[in-house]
A.B. asks: 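Can you keep this structure in mind? I'll have questions shortly.
Because the structure is a prediction, the values reported are computed rather than measured. In what follows, chains carry the letters A, B, and so on, assigned in the order in which the sequence lines appear, proteins first and then strands, with residues in each chain numbered from 1.
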4 protein chains.
Amino acid sequence: MVKKPTPDRAGPDRVTSDRATPDATRRSDRSRRAIRDAALALVAEVGYPKTTVEGIAARAGVGKQTIYRWWPSKADVLLEAFLALGEQAARDAGQEPYRIPDTGDLAADLKAVLRATVDELLDPRFEAPARALAAEGLVNEPLGREFVAKLLEPQLQLYVDRLRAAQDAGGVRPDVDPRIALELFVSPLAQRWLQHTGPISHAYTDTLVDYALNGLAPR
Amino acid sequence: MVKKPTPDRAGPDRVTSDRATPDATRRSDRSRRAIRDAALALVAEVGYPKTTVEGIAARAGVGKQTIYRWWPSKADVLLEAFLALGEQAARDAGQEPYRIPDTGDLAADLKAVLRATVDELLDPRFEAPARALAAEGLVNEPLGREFVAKLLEPQLQLYVDRLRAAQDAGGVRPDVDPRIALELFVSPLAQRWLQHTGPISHAYTDTLVDYALNGLAPR
Amino acid sequence: MVKKPTPDRAGPDRVTSDRATPDATRRSDRSRRAIRDAALALVAEVGYPKTTVEGIAARAGVGKQTIYRWWPSKADVLLEAFLALGEQAARDAGQEPYRIPDTGDLAADLKAVLRATVDELLDPRFEAPARALAAEGLVNEPLGREFVAKLLEPQLQLYVDRLRAAQDAGGVRPDVDPRIALELFVSPLAQRWLQHTGPISHAYTDTLVDYALNGLAPR
Amino acid sequence: MVKKPTPDRAGPDRVTSDRATPDATRRSDRSRRAIRDAALALVAEVGYPKTTVEGIAARAGVGKQTIYRWWPSKADVLLEAFLALGEQAARDAGQEPYRIPDTGDLAADLKAVLRATVDELLDPRFEAPARALAAEGLVNEPLGREFVAKLLEPQLQLYVDRLRAAQDAGGVRPDVDPRIALELFVSPLAQRWLQHTGPISHAYTDTLVDYALNGLAPR
DNA sequence: AAATAACCGAGACGGTACGTCCGGTCTTATG
DNA sequence: CATAAGACCGGACGTACCGTCTCGGTTATTT
């Protein structure tokens, strides 16, 4: 005879099970990796909306509960997977704490970095999960904030640093706010990529840098 | 006059394409409007992901099939509803063929328009459906393209027109591509709003216009 | 025919999914019982055609999928429920291996059993599901065969046994086929009950037994 | 389960009908026939449960309303169609008011009629609709009564007449109730056919007549 | 001959239920 | 005690039909 544990009826505020955080030391790294891989693969293959927790579990050879035990939603699985993918890529490139190069020529440095960004945005391995996460983040604010804080903002900070160096060197007006300034060339690229409002290319980002540095009005 | 007293039942050319195309002339305008209103209301109240076709139908007092007969998905319902909302707003403002004002002072004109845009983006009536459609458009490419073509691109074209007028007047360098130039101040605003990458305000858009027109480098 | 068919990927009458058979050892007996009870109650209350799978699930406090996981249709649910009801009734009566009594007086024994059958047929607890199953079985042949094999035929076999005993005792002509003979009094009762072709009563079944045993022709 | 579509404002005594019975003189006989044919064809082809009013209308090239204007349900359409089929068959056979032949040999006459009935029951043209109507009648009592009154009872009355003649001629005991007596051989056949409880054949019905007339007990 | 009235084919409509899918929780048995 | 497996309750999906309700178009009768 099976005994069913008495359900806790006492707590009216008991909406979600406040089961204690599981013991992370006993976590199966094999499962964790399999889940990340399955999530990335499914998003790439069938798209984000058709990617389901059940599908990820089946593909990873994992029980559904193993996913729900460690992640609150499929978006968070994908976020971790994408973050891990980025770290892996960075490790492969052998890059320690990344900085935008400073050759003394601000325009050239920015163009080089943006060209690399264009190449990455067009890489199908990155495109599907990145776009999916961005979309989810628009509508799911906590995830959006995490996405921005963990992925976007660190990248943008590199531009802030480079622009501040340029200000010190006299290549950028000292009254300019670097956090706003960087958006002049970063946001157009982001919008074209996200919303398909135009083609993206090296020539395009070069133009953005020129316009942003020199302005539209005649000098 | 063609008399056909005997309907020929044995006609082999039975080309009556049935469920494919319903008869639009018999469409109930009352239902159509009720569905649009319900969709907008639900997105505003419970958010896009929790808005369901069943919910829209129930709220509109309509059968589900009446939605599926005319729209392929809830995203398309919302797109039409949002488009209609925009047209309604334009009709209320009496501005049929809208243009960006041209007072001769490009910076002032752009700042005025962008301040109005900021106000609109912060209006909760617009925010929920617009964000939802943008998010869906990222991941559902046909819808995204329709969203861009019907809503975004017409707006951007107004900037192109105004910038071209400024080029004719000598206020903008003649070699500048207006379609790219507008992105210097439009895209940053779009990204901050969509991805919560920073606060948006009149001061912010004023700054964007100043930076974009005059550039970041010292003159 | 201009009917748009549902896209079928496999067999002609493909209705249910081809998922692997679920693990019966993990089946919830509580749900099973609740579904049976709900099905019987609903058939009794609103009739078979208005009994729906959704209604059964709601009444039983069960997900619809739990019904579809274990039964192919509402008819099969009802069949199991009715079978279980019969077994329960038999258990309550403590009559495990049931037989028609043999007092030596065949006519009296048959009349007694048929009177009890009349009482059962007029019991509203049995009538609604029995009639519903019989109706469904007419048109749904597999179910009909199961209904006959599991419910009807075992009952009829009891008459075969009793008639054979009577043949051994010389009360029935030895050349008579008992399987056919029993129909002379069982089938008329069944038809009157099923098709409302006449009233059923103890007097009626007594008469049937007399006619069947002694024949219609003068002796 | 709530039902309330048409409030009956005219009270129980429907004298002045608001939605009056339509003018039968203007009824389209072409449509009527097409509907009957379509109903019979569909029941034969896809079975009664999958036969729908919409399907009948489409097959008949008729608007749905034309069916609902003249019949209350698909069961009634089928009943009329089946009745008409029977009349047509009778007309084809050139039979005026039918009687069971009276050659003086009751057993022979009954066997002949029952052999013809067996043949009819095995005719697939009759089987599908007849079984469907019988099934519907089990669960839909008004229809069942109409089915019995219009189809079954008139047939049974013929046996009553023949048995009474036999009583007058001394071939049947005068105290026998013919309405019950006929069930001894008719009901077994009906049950075997309806419920597949056994094979039906000429030999089987011959046996039934013999058993019924002479009884089961030794003489 | 024109006007009227009803039936007719067609099919959109508000609904109900279908059978499926998946979300998130819970249970069972392994290791 | 985490895990793989998967049954469970719930609820939305998109489809099929129900029975009702217009909408022209065609007859058939009335004016």
Side-chain angles (χ1 to χ4, degrees), chain A residues 2 4-5 7 16-17 19 22-23 25-28 30-31 52-55 57-58 60-70 72-74, chain B residues 3-5 7 16 18-19 22-28 30-31 52-55 57-58 60-70 72-74, chain C residues 3-4 6 15-17 19-20 22-23 25-28 30-31 52-55 57-58 60-70 72-74, chain D residues 1-3 5-6 22-23 25-28 30-31 52-55 57-58 60-70 72-74:
Chain A
V2 179
K4 206 180 165 206
T16 48
S17 81
R19 193 182 284 287
D23 181 351
T25 66
R26 303 203 45 185
R27 184 167 185 182
S28 159
R30 165 194 301 276
S31 296
T52 66
V53 174
E54 285 196 350
V62 139
K64 273 206 293 183
Q65 195 54 48
T66 301
I67 296 183
Y68 284 114
R69 186 156 29 231
W70 302 109
S73 73
K74 73 167 171 172
Chain B
K3 279 277 182 171
K4 201 183 180 193
T16 37
D18 42 0
R19 310 296 128 126
D23 182 347
T25 68
R26 309 194 56 183
R27 184 167 186 181
S28 160
R30 166 193 299 274
S31 296
T52 66
V53 174
E54 279 194 356
V62 140
K64 270 203 293 182
Q65 195 56 52
T66 299
I67 297 183
Y68 285 113
R69 183 150 38 228
W70 302 109
S73 74
K74 73 168 173 174
Chain C
K3 201 91 202 283
K4 184 194 154 232
T6 327
V15 171
T16 46
S17 120
R19 280 181 65 93
D23 181 348
T25 66
R26 307 194 47 184
R27 184 166 186 180
S28 160
R30 165 193 300 273
S31 296
T52 66
V53 175
E54 280 194 353
V62 141
K64 272 205 290 181
Q65 197 57 52
T66 300
I67 297 183
Y68 285 113
R69 183 153 35 232
W70 303 109
S73 72
K74 73 167 171 173
Chain D
M1 225 153 282
V2 184
K3 192 92 197 308
T6 318
D23 181 351
T25 67
R26 304 200 48 183
R27 185 169 185 179
S28 160
R30 166 190 303 275
S31 296
T52 66
V53 174
E54 285 199 350
V62 137
K64 274 202 296 180
Q65 195 55 50
T66 300
I67 296 183
Y68 284 113
R69 184 153 34 228
W70 302 108
S73 75
K74 74 165 173 173

A.B. asks: Give the minimum heavy-atom separation between B:Val53 and B:Ile67, together with the two atoms involved.
C.D. replies: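 Looks like O-CD1, 3.9 Å.
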A.B. asks: For the side chain of A:Asp23, counting heavy atoms from C-beta on, which of F:dA2, F:dG19, E:dC18 is nearest?
C.D. replies: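 For A:Asp23, the side-chain atoms sit closest to F:dA2.
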A.B. asks: Want to settle it: does A:Arg30 or D:Tyr68 sit nearer the 5' end of DNA chain F, counting the closest nucleotide to each?
C.D. replies: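 The answer here is A:Arg30.
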A.B. asks: Hey, what are the protein-to-nucleotides 8-10 of chain F N/O distances that come in under 3.5 Å?
C.D. replies:
residue, atom, partner, partner atom, Å
F:dC8, OP1, C:Ser28, N, 2.7
F:dC8, OP2, C:Arg69, NE, 3.1
F:dC8, OP2, C:Arg69, NH2, 3.4
F:dC8, OP2, C:Trp70, NE1, 2.7
F:dC9, OP1, C:Ser31, OG, 3.0
F:dC9, OP2, C:Gly63, N, 3.3
F:dC9, OP2, C:Thr66, OG1, 2.6

A.B. asks: What pairs with D:Ser28 under side chain to side chain donor-acceptor pair (under 3.5 Å), at least two apart in sequence or on another chain?
C.D. replies: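 Partners of D:Ser28 by the side chain to side chain donor-acceptor pair (under 3.5 Å) criterion, ordered by chain and then number, come out as D:Ser31.
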A.B. asks: Whole-Å distance between F:dT15 C1' and B:Ile67 CD1?
C.D. replies: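 Atom-to-atom, B:Ile67 to F:dT15, this comes out as 14 Å.
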A.B. asks: Tell me, yes or no, whether the heavy-atom count around B:Arg27 atom CZ, taken from other residues, nucleotides or ligands under 6.0 Å, exceeds 12.
C.D. replies: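 More than 12 within 6.0 Å, yes.
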A.B. asks: I'd like to check the side chain to side chain donor-acceptor pair (under 3.5 Å) partners of A:Lys64; sequence neighbours left out, ordered by chain and number.
C.D. replies: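 A:Glu54.
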A.B. asks: With sequence neighbours left out, what residues match B:Arg69 under side-chain contact (heavy atoms from CB on, under 4.5 Å)?
C.D. replies: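 Applying side-chain contact (heavy atoms from CB on, under 4.5 Å) to B:Arg69 gives B:Pro22, B:Gln65, B:Thr66.
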